[in-house]
Undergrad: 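There's a structure below that I have some questions on.
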Amino acid sequence: MDLTYTEEEESFRAGLRQWLARTLPGLPPRPDPTDWPGRRAYDTGWQRRLYDAGYAGLHWPLDAGGRGATPTQHLIFLEETEKAGAPYVGANFVGLLHAGPTIASEGTPEQRARWLPPVLRGDEVWCQGFSEPEAGSDLASLRTRAWRDGDDYVVSGSKIWTSHAEVADWCELLVRTTPVSEDVPKHRGISWLAMPMDAPGVTVRPLRTLAGSTEFAEVFLDEVRVPVANRVGAENDGWRVTMVTLSYERGTAFVGEVVACRRVLADLAREARKNGRWDDAVLRRRLGRLSAEFGALWRLTQWNVSESQRAGTGVPGVGGSVFKLRYSHARQELYEAAGDVLGPGALDLGHEWTLDRLSSLSYTIAAGTSQIQQNIVAERILGLPKGR
């Protein structure tokens with residue numbers, strides 16, 4: 001497989017670099033990490049700049065309001081914006097990377113017209129209401145119930161680990177529309193809804209993480225009315241729709257972070273040379289192995305994108321689970337190495353690497369645990385039988 005870039009792709013890269021060089025110096029200061037309304041305004045302001053410049057929704061098809069760029073151009077965009085230190089999608093990552101692409105793939109023309117343009121412009125922010133206190137890795141065990149009442153679903157239950165719920169306008173919500181029975185296994189009877197976060201009966205309670213941040217929340221739903229027209233896909237077909245969402249989450253959502261990790265790795269090497277830790281041969285070998293690891297992950301990303309482009313689907317395949325599985329562990333190993341480089345400074349919560357080290361602990365759990373990814377790889381790629 002040819003992983004080199006075409007002349008057209010390199011021209012796209014050059015134009016993007018020029019735009020970033022003109023635009024980034026004019027951005028306002030980044031808000032305090034604990035100021036979520038401020039962070040939402042900053043992140044959506046950046047999204048509006050991308051939209052006006054024609055760089056919003058590169059990975060979305062034209063008929064969904066995207067720019068119709070190739071998956072490779074999207075990869076170049078992620079690579080160049082990270083290298084330039086541009087803002088991340090931030091508070092609206094669910095809308096841009098999960099809900100938006102899902103609606104683009106599975107939504108009706110009316111749903112696309114209603115929800116996708118505001119996401120691309122940065123006008124509306126989404127959160128994800130999938131996990132529950134007793135339905136994390138085993139997501140199909142979810143209990144949040146939705147029963148039909150005329151043109152509405154009435155939803156009751158709770159969700160947890162809902163990213164940026166406190167500043168979101170919409171929630172991609174999984175609900176059980178048919179109870180589990182002998183005739184309805186747990187993977188059926190689930191529906192995918194778009195729920196307005198300002199609907200009566202929605203209560204959001206932020207959760208404080210180990211690092212002291214509150215990007216997650218509990219969401220409690222007490223007879224919340226959601227229009228049936230807000231259901232994406234058929235009733236009880238939500239598990240299939242969810243697999244589309246998760247394929248994006250595991251396939252492309254972490255791509256920019258690989259570039260960031262490679263930058264951090266170079267910074268670690270410079271810091272080790274400066275503070276004398278470079279004399280440790282074991283540490284040097286560790287950093288060298290991590291450099292090879294992240295180089296391989298970048299090539300794997302290129303391969304996954306090329307396969308998606310060749311298939312013409314635009315939807316990442318099961319190769320995304322291979323990437324997610326290895327990336328989660330590599331990121332943890334990177335920040336363990338950062339702790340070795342910092343020495344006693346690794347206990348300083350004011351250091352960015354220390355906070356990243358704490359947050360990296362969640363990566364083998366978030367977006368599907370490593371155990372779940374191993375099952376997917378075993379069953380769908382290697383063809384091994386399902387466990388009992």
Undergrad: Could you pull out all residues at least two apart from R48 that satisfy side chain to side chain contact (heavy atoms under 4.5 Å, CB included)?
TA: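 With neighbours one apart ignored, the set is Y51, D52, R121, D123.
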
Undergrad: Apply side chain to side chain donor-acceptor pair (under 3.5 Å) to R326 and list each qualifying residue two or more places apart in sequence or on a separate chain.
TA: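 With neighbours one apart ignored, the set is E293, E333.
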
Undergrad: My understanding is that only residues two or more places apart in sequence, or in another chain, count here; which of them pass side chain to side chain donor-acceptor pair (under 3.5 Å) with S291?
TA: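 For S291 there are no side chain to side chain donor-acceptor pair (under 3.5 Å) partners, ignoring immediate neighbours.
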
Undergrad: Name all residues meeting the salt bridge (charged side-chain N to carboxylate O under 4.0 Å, His left out) criterion together with E8; count only those two or more places apart in sequence or in a different chain, and write none if there are none.
TA: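 Partners of E8 by the salt bridge (charged side-chain N to carboxylate O under 4.0 Å, His left out) criterion come out as none, since no residue qualifies.
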
Undergrad: Which label fits W19 and W46: parallel for a plane angle under 30°, tilted from 30 to 60°, or perpendicular past 60°?
TA: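 Ring orientation of W19 relative to W46: tilted.
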
Undergrad: Look at the side chain of E218 and the backbone N and O of P133, then say whether any donor-acceptor pair between them is shorter than 3.5 Å.
TA: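 Not confirmed, E218 side chain does not pair with P133 backbone.
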
Undergrad: Show me, pair by pair, the donor-acceptor contacts under 3.5 angstrom made by side chains of residues 160-170, not counting sequence neighbours?
TA:
residue, atom, partner, partner atom, Å
D169, OD2, R40, NH1, 3.0
D169, OD2, R40, NH2, 3.0
D169, OD2, V125, N, 2.8
W170, NE1, E124, OE1, 3.2

Undergrad: Please, which pairs that meet salt bridge (charged side-chain N to carboxylate O under 4.0 Å, His left out) have at least one residue in residues 95-106, sequence neighbours excluded?
TA: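 Non-adjacent pairs meeting salt bridge (charged side-chain N to carboxylate O under 4.0 Å, His left out): E106-R240.
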
Undergrad: Would you please name every residue forming a side chain to side chain contact (heavy atoms under 4.5 Å, CB included) with R277, sequence neighbours left out?
TA: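 So R277 forms a side chain to side chain contact (heavy atoms under 4.5 Å, CB included) with A272, N275, D280, L283, D340.
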
Undergrad: Quick one: do L287 and W278 satisfy side chain to side chain contact (heavy atoms under 4.5 Å, CB included)? Show the steps, please.
TA: CA-CA 10 Å; L287 296 180; W278 192 252; 3.8 Å; yes

Undergrad: Determine whether R262 and E82 satisfy the following criterion, side chain to side chain contact (heavy atoms under 4.5 Å, CB included), listing intermediate values before the conclusion.
TA: CA-CA 10 Å; R262 297 178 81 178; E82 179 57 45; over 6 Å; no

Undergrad: Side chain to side chain contact (heavy atoms under 4.5 Å, CB included) with T144: which residues, sequence neighbours excluded?
TA: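 With neighbours one apart ignored, the set is E132, V155, K159, V175, L221.
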
Undergrad: Let me check something: any side-chain donor-acceptor pairs from residues 24-32 under 3.5 Å, sequence neighbours excluded? List them with distances.
TA:
residue, atom, partner, partner atom, Å
R30, NH2, G85, O, 3.2
D32, OD1, T34, N, 2.8
D32, OD1, T34, OG1, 2.5

Undergrad: Any salt bridge between R284 and D279, counting N to O under 4.0 Å?
TA: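 Salt bridge absent between R284 and D279.
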
Undergrad: Check for me whether R205 meets the cation-pi criterion with F220, that is, NZ or CZ under 6.0 Å from the six-membered ring centre and within 45 degrees of the ring axis.
TA: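 Yes - R205 lies over the ring of F220, closer than 6.0 Å to its centre and within 45° of its axis.
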
Undergrad: Between E79 and K83, is the closest basic N to carboxylate O distance under 4.0 Å?
TA: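 So K83 pairs with E79 through a salt bridge.
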
Undergrad: Please go through V154's hydrophobic cluster and name the other residues, only I, L, V, M, F, W, Y counting, with side-chain heavy atoms under 4.5 Å joining them.
TA: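 Under the 4.5 Å side-chain rule, V154 groups with W147.
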
Undergrad: Please check if the side chain of Q332 supplies one atom and the backbone of H329 the other of a donor-acceptor pair under 3.5 Å.
TA: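 Looks like no, no N/O pair under 3.5 Å.
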
Undergrad: Please list, chain by chain and in numerical order, all residues satisfying side chain to side chain contact (heavy atoms under 4.5 Å, CB included) with P227, sequence neighbours excluded.
TA: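 Result, side chain to side chain contact (heavy atoms under 4.5 Å, CB included) vs P227: D152, N230.
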
Undergrad: Run the salt bridge (charged side-chain N to carboxylate O under 4.0 Å, His left out) test against E223 and tell me which residues pass, sequence neighbours left out.
TA: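 Partners of E223 by the salt bridge (charged side-chain N to carboxylate O under 4.0 Å, His left out) criterion come out as none, since no residue qualifies.
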
